[in-house]
Amino acid sequence: MLDKKFILENAATVQANCDRRGVTVNVAKFVESETVRREKQLEVEQLNRQANEVSKSIGKAQDAEEREARKAEGRRLREAKDAVQAEVDRLAAEAAEVQREIPNLTHPDAPVGGEKDALELRLGATPKPEFDFAPLDHVELAEKHDLIDFEAGAKVAGAGFYFLKNEAVLLELALQRYALDILLAAGFTPVITPDLARTEILSGIGFQPRGPETQIYSVENTDLNLVATAEITLGGMLADKILDADELPLRVCGVSHCFRTEAGAAGRASRGLYRVHQFTKVEMFAFTTPDGSEAMLDELCGLECQLFDGLGVPYRVVDTATGDLGGPAYRKFDLEAWMPGRGEAGEYGEVTSTSNCTDYQARRLGIRYKSKGEKGTTFVHTLNGTAIAISRAMIAVLENYQQADGAIRVPEVLQPWVGKTQIG
RNA sequence: GGAUGGGUGGCCGAGUGGACUAAGGCGGCAGUCUUGAAAACUGCUGACGUGGCAACGCGUCCGGGGGUUCGAAUCCCUCCCCAUCCGCCA
């Protein structure tokens with residue numbers, strides 16, 4: 001979330017930013033509640049100070065009568081304080097409600113508009129494959145080679161779940177190892193995170209688990225939720241910590257399962273593995289100083305490119321438009337892989353996403369840093385990026401690597417872990 | 001699931017109603033000594049909010065919430081979390 005004082009002092013800018021992002025928020029209402037709250041808060045502090053003075057004087061009272069008189073005075077002051085405090089609490093809740101809805105600021109270079117207005121920045125190293133046959137989509141390929149059982153998934157857990165079988169299992173593990181090796185070389189600390197997290201952590205990262213259109217599965221009778229991404233657990237890992245400036249930037253990568261309800265999403269574009277309720281993901285996360293986050297966003301995006309160039313999958317990089325940014329993101333780059341079986345004659349489909357969330361998450365999670373020899377603390381900047389989301393990477397690999405005879409070649413970088421050069 | 005013990009500043013840890021203005025230590029910063037460093041010694045050193053150019057002042061904060069009291073880290077209620085042991089278990 002944004003700093004209260006910042007919103008007060010830049011109300012017009014904040015409102016304009018919300019409008020550009022297509023988020024309906026009444027910033028003026030926040031300003032009104034917060035302004036009055038501050039005035040009332042001063043009253044509370046005055047009354048507290050007076051009451052404290054009275055309390056301290058009681059021990060020095062000369063006689064019982066004076067002591068009783070001062071007790072009464074103290075009681076009166078505390079009651080007066082409680083009344084004003086109640087008003088302050090009400091106003092604070094009112095302001096907080098608006099504050100929670102206000103998204104992060106936006107990078108000035110981000111394209112303005114909606115999903116269609118994403119700006120293509122560059123293409124990957126691998127050209128789109130030229131097929132002299134009609135390519136199959138991953139669902140057909142998976143069926144042909146007995147790689148995925150959607151029917152059993154639906155029976156056991158419902159539509160959107162699946163069993164991976166045979167080489168698909170080896171591919172999943174190979175993709176994880178492939179990503180981890182590259183990230184280890186890039187200085188990331190590998191982590192396997194919990195697959196569940198407390199509501200408080202989810203909302204710190206910017207998810208709203210109990211809302212009506214939530215993407216999040218919650219566990220009944222507990223405060224736990226299935227995580228939608230390891231971004232949640234990796235950010236939460238350092239919640240309430242004060243780091244040393246020397247430790248920054250901190251790079252961690254987490255392996256977790258990801259669970260998403262995908263409420264309201266269905267249709268041809270969601271066929272097969274593309275939009276599922278559960279998948280495995282290797283996620284990058286970084287904590288930086290404020291002046292280090294822009295470079296880190298480029299670093300994370302560069303790693304995503306390295307990963308997909310290495311896999312030999314064609315892709316493009318896009319700069320997400322303002323209206324399509326999630327609340328915490330200041331700027332977001334997506335990699336869209338070429339999926340020959342998608343749509344009528346192949347389409348790009350999102351496979352990774354990397355965001356600079358500046359201090360928006362850190363402020364909620366209480367993650368700060370301290371520089372040697374300086375007083376005070378500063379909120380860190382947090383960034384996240386997909387290394388490999390297994391299900392979508394698997395679509396891209398299967399569809400791009402299919403052969404005329406129906407076999408699927410295994411990308412060279414995965415062969416050591418898959419243990420074969422082709423499937424079928 | 002059962003039993004017990006815990007949650008206090010960046011970290012460790014003392015503190016059972018009024019000088020807590022939270023002891024002490026570690027760490028950090030500055031200085032003395034030293035060619036330099038280390039050691040030793042001396043001093044400073046929590047967070048957030050608020051007012052002030054500043055010195056500094058005021059308020060809040062001892063896991064969360066509620067209560068008792070003129071006054072709570074301390075007493076009461078409640079919830080959460082952590083540790084250890086037992087039971088069960090991959």
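In what follows, chains carry the letters A, B, and so on, assigned in the order in which the sequence lines appear, proteins first and then strands, with residues in each chain numbered from 1. On a predicted model such as this, the values are computed, not experimentally measured, just so you know.
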| What is the nucleic acid contact for A:Arg76, judged by heavy atoms within less than 4.0 Å: base, sugar-phosphate only, or nothing? | nothing

| A:Glu200 has an atom CD; how far is it from atom P of B:G64, in whole Å? | 11 Å

| Integer angstrom distance from the P of B:A3 to that of B:G18 | 34 Å

| field | Which atom of A:Thr193 lies closest to which atom of A:Gly254, heavy atoms considered | value | CG2-CA, 4.2 Å

| field | Whole-Å C1' distance, B:A19 and B:G71 | value | 14 Å

| field | Same-atom distance (C1') from B:C62 to B:A30, integer angstrom | value | 30 Å

| message | Distance to the ring centre below 6.0 angstrom and angle to the axis at most 45 degrees; does that hold for A:Arg342 and A:Tyr274? | response | yes

| message | If I pick the P atom on B:A72 and the same atom on B:G57, what distance separates them, to the nearest angstrom? | response | 23 Å

| message | Between the side chains of A:Asp319 and A:Lys332, is the shortest nitrogen-to-carboxylate-oxygen separation below 4.0 Å, so that they form an ion pair? | response | no

| task | Let me know the distance between CG of A:Asp89 and P of B:G65, rounded to the nearest Å. | result | 11 Å

| request: Whole angstrom is fine here: how far is it from CG in A:Leu47 over to C1' in B:U60? | output: 15 Å

| Separation of A:Asp240 atom CG from B:G9 atom C1', in whole Å? | 14 Å

| message | When both hydrogen-bonding distances must be under 3.5 Å and the geometry is Watson-Crick or G-U wobble, what is B:G5 paired with, if anything? | response | B:C82

Give every donor-acceptor pair under 3.5 Å between a side-chain atom in residues 16-24 of chain A and any protein atom, sequence neighbours left out.
residue, atom, partner, partner atom, Å
A:Asn17, OD1, A:Thr106, OG1, 2.6
A:Asn17, ND2, A:Asn104, O, 2.9
A:Asp19, OD1, A:Gln15, NE2, 3.1
A:Arg21, NE, A:Asn104, O, 3.2
A:Arg21, NE, A:Thr106, OG1, 2.9
A:Arg21, NH1, A:Gly326, O, 3.2
A:Arg21, NH2, A:Asn104, O, 3.3
A:Arg21, NH2, A:Leu105, O, 3.2
A:Arg21, NH2, A:Ala329, O, 2.2

| Span that lies between the C1' atom of B:A38 and that of B:A54, in whole angstrom | 39 Å

| request: Evaluate side chain to side chain donor-acceptor pair (under 3.5 Å) for A:His381 paired with A:Gln361, printing each intermediate quantity in order. | output: CA-CA 8 Å; A:His381 279 196; A:Gln361 295 175 328; over 6 Å; no

| field | Distance, rounded to the nearest Å, where A:Asp223 contributes CG and B:C80 contributes C1' | value | 9 Å

| task | For B:C48 and B:C41, measure between their C1' atoms and round to the nearest Å. | result | 35 Å

| For B:A72, the Watson-Crick or wobble partner whose two distances fall under 3.5 Å | none

| Between B:G71 (C1') and A:Lys81 (NZ): distance, integer Å | 12 Å

| query | So what's B:C62 paired with, Watson-Crick or G-U wobble, going by both distances under 3.5 Å? | reply | none

| Rounding to a whole Å, what distance do you find between A:Asp244:CG and B:G27:P? | 14 Å

| Who pairs with B:A14 - Watson-Crick or G-U, where each distance is under 3.5 Å | none

| B:U45 to B:C81 separation - C1' atoms, rounded to the nearest Å | 30 Å

| message | Pair A:Phe163, A:Phe161 - check ring pair (Phe, Tyr, Trp, His ring centres under 6.0 Å), show working. | response | CA-CA 7 Å; A:Phe163 287 78; A:Phe161 291 93; 9.9 Å; no

| field | Partner nucleotide, any strand, of B:U50 [Watson-Crick/G-U, under 3.5 Å] | value | B:G57

| field | Partner nucleotide, any strand, of B:A40 [Watson-Crick/G-U, under 3.5 Å] | value | B:U32

| task | Can you tell me the pairing partner of B:C20 across any strand shown, Watson-Crick or G-U wobble, with both distances under 3.5 angstrom? | result | none

| Electrostatic pair A:Glu299:A:Arg251 at N-O distance under 4.0 angstrom | yes

| request: Write down the distance separating the P atoms in B:C26 and B:G17, rounded off to the nearest Å. | output: 30 Å

| said: Strictly under 4.0 angstrom, non-hydrogen atoms only: write out the protein contact profile of nucleotides 47-59 of chain B, one letter per nucleotide from the 5' end, B, S or -. | reply: SSBS-------SS

| task | Mind telling me whether A:Tyr162 and A:Phe150 have parallel, tilted or perpendicular rings, with 30° and 60° as the class edges? | result | tilted

| query | Closest heavy-atom contact between A:Pro194 and A:Val227? | reply | O-CG2, 4.2 Å

| note | Ranking A:Lys241 and A:Arg75 by the position along RNA chain B of their nearest nucleotide, the one closer to 5' is A:Lys241

